[in-house]
Amino acid sequence: MKAMEWLLGSAGGTGNHSGSGTESGTGGGARAAAGVASVGLAAAGALHAVWTVSPWPLATRAEFAAVVVGVEESRLPPVPVTSAVAGLLGAGAWLTVTAARPAHRLASSRLVRTGLWTLSGVLAVRGLGGLLVSGLDLREVPAEFRHWDLALYSPLCLALGGLTGYLAVRTRPGQRPDLRSGKAG
């Protein structure tokens, strides 16, 4: 629990958002969503960073290309693209933590708000697109990729997209619950 308090701030604190003029805080649901989403996004970002130098957890780049990306080894994205995805996922983790910390001066900023909605939308599109394409067999990909896209990749994107969307709704200025009364501010 101490790690989550450090990550998201103390659960009992309220603060005044700069520019919002309202007493605010995030409820337990938004904090939980932020905690789960930030850990998931950071883990996915770290995994993408690892993939810039290694096909881990698979043995070869060819196996990695087929199972994780759904392409032949020669069509793997270049390292700078994978690095950019890793960085964007890390930025997404930062956005979720920042939005859930009402005392943070950027929590209700346009940057964080737009970032959360963009992140949620991109993840939802990836998740739904993957389920449709893999589920309806609309693209020729290795069977291993199709399996993992339907079992893990797309559902994970949908879950993270849903969590970040929920966080965006629950933490918008004027909608933050007052922790003392439990009512929206």
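In this chain, residues are counted from 1 in sequence order.
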Same cluster or not: are V85 and V122 linked, directly or through other Ile, Leu, Val, Met, Phe, Trp or Tyr residues, by side-chain heavy atoms under 4.5 angstrom apart?
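As far as the 4.5 Å side-chain criterion goes, V122 and V85 are not connected within one cluster.
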Treat each ILVMFWY residue as a node, draw an edge where side-chain heavy atoms are under 4.5 Å apart, and state whether V53 and W56 are in one component.
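No; W56 is not reachable from V53 via cluster members.
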Which pair of heavy atoms, one from [X] and one from [Y], lies closest together, and at what distance?
| X | Y | answer |
| --- | --- | --- |
| W117 | A168 | CE2-CB, 3.5 Å |
| L167 | A99 | CD2-CB, 4.1 Å |
| A42 | A93 | N-CB, 3.9 Å |
| Y166 | A33 | CD2-CB, 3.6 Å |
| R146 | V141 | NH2-CG2, 3.4 Å |
| A86 | G45 | CB-O, 3.4 Å |

Between atom [atom1] of [X] and atom [atom2] of [Y], what is the distance when rounded to the nearest 0.5 Å?
| X | Y | atom1 | atom2 | result |
| --- | --- | --- | --- | --- |
| L116 | T164 | CG | OG1 | 6.5 Å |
| R170 | L163 | CZ | CG | 13.5 Å |
| S38 | R31 | OG | CZ | 12.0 Å |
| E73 | E63 | CD | CD | 11.0 Å |
| L89 | L47 | CG | CG | 9.5 Å |

Please tabulate, for the side chains in residues 147-160, all donor-acceptor contacts under 3.5 angstrom to protein atoms that are two or more places apart in sequence or on a different chain.
unit_1, atom_1, unit_2, atom_2, d
D149, OD1, R126, NH1, 3.1
D149, OD1, R126, NH2, 2.8
D149, OD1, S154, OG, 2.8
D149, OD2, S134, OG, 2.6
Y153, OH, V67, O, 3.0
S154, OG, R126, NH1, 3.0
S154, OG, L131, N, 3.4
S154, OG, D149, O, 3.3

W51 and V79: side chain to side chain contact (heavy atoms under 4.5 Å, CB included), yes or no, with the steps?
CA-CA 8 Å; W51 290 338; V79 169; over 6 Å; no
Could you check V71 against F145 for side chain to side chain contact (heavy atoms under 4.5 Å, CB included), going step by step and ending with a plain yes or no?
CA-CA 9 Å; V71 299; F145 174 80; over 6 Å; no
Whichever hydrophobic residues join L88 through chains of side-chain contacts under 4.5 Å:
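None, because no other hydrophobic side chain comes under 4.5 Å of this residue.
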Residues clustered with V81, ILVMFWY side-chain links under 4.5 angstrom
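Members besides V81: none; it forms no cluster.
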Quick check: does any side chain N or O of [X] sit under 3.5 Å from a backbone N or O of [Y], one acting as donor and the other as acceptor?
| X | Y | result |
| --- | --- | --- |
| R75 | A65 | no |
| S120 | G161 | yes |
| T114 | L111 | no |

With a 4.5 Å cut-off on side-chain heavy atoms, are L41 and L119 touching?
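In short, these two side chains touch, coming nearer than 4.5 Å.
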